[in-house]
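Working notes for the structure below.
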Protein chains: 2
Amino acid sequence: MISKKVKYAIIALVKLAREYNKGPILIRDIAESEKIPQKFLETILSDLKHAGILASKKGKGGGYYLLKSPDEVNLATIIRLFDGAIALLPCVTYQYYERCEECKDEETCGIREVFKEVRDETVELLKAATLSEIIRRESKLEKKKR
Amino acid sequence: MISKKVKYAIIALVKLAREYNKGPILIRDIAESEKIPQKFLETILSDLKHAGILASKKGKGGGYYLLKSPDEVNLATIIRLFDGAIALLPCVTYQYYERCEECKDEETCGIREVFKEVRDETVELLKAATLSEIIRRESKLEKKKR
DNA sequence: AATATAGTCTATAGAACTAATAGACTATAT
DNA sequence: ATATAGTCTATTAGTTCTATAGACTATATT
């Protein structure tokens, strides 16, 4: 399971992507419209800013806005930023690699091979899931519903 | 990430699968050969017994052994047993479904659709990963290494 | 310059979960 | 009878997750 932090981050980012190039949006507005605890959202948006994904403006007319374009931001990046590795085993991660203590031979470990495949598939799907792509899917689903 | 419980469970099950139909194996032997804390392993094996995957025999010559055949036991089952849902979002699980409070319309949620695809791919791969399959892969990797 | 607006930073805290251990108890083979 | 081996209940230390409080800093506007 992804953490609430990631879930809130994605929801906020999709919201900001919908308002891309329309100027800064208040934390309060995002919190209210997306039903996210405001104080919690503050730390999340701050993290996204430090990661170079968002930017902010203080004072009247301020708020947060997307620094990167919506098709540059994907879910693999967001999950890694808050929750760390995407893989299900530490010995199968790119960026957070850790050897299993109880492992006899990593090279010939059948368990590892399975989890490597899972990671590859998952990362591929999550990388393809950019903010633009999510919005595109939403419109499609809405059309379908009518 | 899967929990240590799942990791230990898989390792123990693969060990028992290698010794399938060779009679019961001591908790102590599994703990030692696989470097798993014995007391912790006890609770894990007990859970696997209650789930109908293992059986045990008490007294001298006792121990644990596979009740199901190694090609009937797959990693999706084991992960669900100990860690719960495989999906990354509660609104995308089969058995542990929970609606997102902040969700406006589940039917048209683009985020949900992405995570549904991830779940489908993951479950498919994990279901194919039976104990037999893992052992088969190990032999292949060993041959390749030589 | 004053003031309201709005993001920033540091600290903290309760709840839940994880990993592991202790120890008394029960069942079985010989 | 006795040694062997699994069973059950409780507990604990540590960590992570989710969220909140409150003081502080920067900016736009008048």
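Reminder, nothing fancy here: chain letters follow the sequence lines and each chain counts from 1.
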>> Does A:Leu125 form a side-chain contact (heavy atoms from CB on, under 4.5 Å) with B:Glu117? I'd like the steps, not just the answer.
In response: CA-CA 8 Å; A:Leu125 289 172; B:Glu117 285 181 13; 3.8 Å; yes

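The separation between A:Lys39 atom NZ and C:dA13 atom P is 16 Å, rounded to whole Å. Straight-line distance from the NZ atom of A:Lys5 to the P atom of D:dC17: 8 Å, rounded to whole Å. Across the protein-nucleic acid pair, B:Leu41 atom CG and D:dT7 atom P stand 12 Å apart, rounded to whole Å. As rounded to whole Å, 13 Å separates atom C1' of C:dT5 from atom CD of A:Glu42. B:Gln38 places its CD atom 15 Å from the P atom of C:dG23, with the value rounded to the nearest Å. Here D:dC8 presents its P atom at 16 Å from CD1 of B:Ile44, a figure rounded to the nearest Å. A straight line from CG of B:Asp83 to P of C:dC17 spans 12 Å, rounded to a whole angstrom. Distance, B:Ile79 CD1 to C:dT18 P: 14 Å, rounded to whole Å.
Distances were taken from every side-chain heavy atom of A:Phe40 (C-beta onward) to each of C:dT26, D:dA19, D:dT27; the shortest belongs to D:dA19. Taking every side-chain heavy atom of A:Lys57 into account, D:dA28 is the closest of D:dA28, C:dA6, C:dT26.
A:Thr108 and B:Lys145 share no donor-acceptor pair across their side chains, judged by distance under 3.5 Å alone.
Phosphate contact (OP1/OP2 of C:dA20, side-chain N/O of B:Thr43, threshold under 4.0 Å): absent. Taking side-chain N and O atoms only, A:Lys49 has a distance below 4.0 Å to OP1 or OP2 of C:dT8. OP1 or OP2 of C:dC9 sits under 4.0 Å from a side-chain N or O of A:His50. Within the structure, every side-chain polar atom (N or O) of A:Ser56 is placed at least 4.0 Å from both OP1 and OP2 of C:dA6.
Between the side chain of A:Asp71 and the backbone N or O of A:Ser132 there is no donor-acceptor pair closer than 3.5 Å. Listed for the B:Glu72 side chain is a donor-acceptor partner under 3.5 Å among the backbone atoms of B:Ser69. The backbone N or O of A:Ile86 sits nowhere less than 3.5 Å from a side-chain atom of A:Arg80 that would complete a donor-acceptor pair. Panel note: side chain A:Ser139, backbone A:Ile135; a donor-acceptor pair is recorded below 3.5 Å.
Mapping B:Phe82 and B:Pro37 onto DNA chain C via the closest heavy atom, the residue that lands nearer the 5' end is B:Phe82. Taking the nucleotide of DNA chain C with the nearest heavy atom to each of B:Lys4 and A:Ile27, the more 5' of the two is matched to A:Ile27.
Judged by atom type and distance alone, B:Lys60 does not reach the base of D:dG6 through any side-chain donor-acceptor pair under 3.5 Å.
When heavy atoms are screened at a 4.0 angstrom cut-off, B:Tyr8 is found touching the sugar-phosphate backbone but no base atom. Among the heavy atoms of the strands, none lies under 4.0 Å from B:Leu45.
Figure legend. D:dG6 is base-paired to C:dC25; pairs are counted as Watson-Crick or G-U wobble with both atom distances under 3.5 Å. Under the Watson-Crick or G-U wobble criterion, with both distances below 3.5 Å, C:dG14 is paired with D:dC17.
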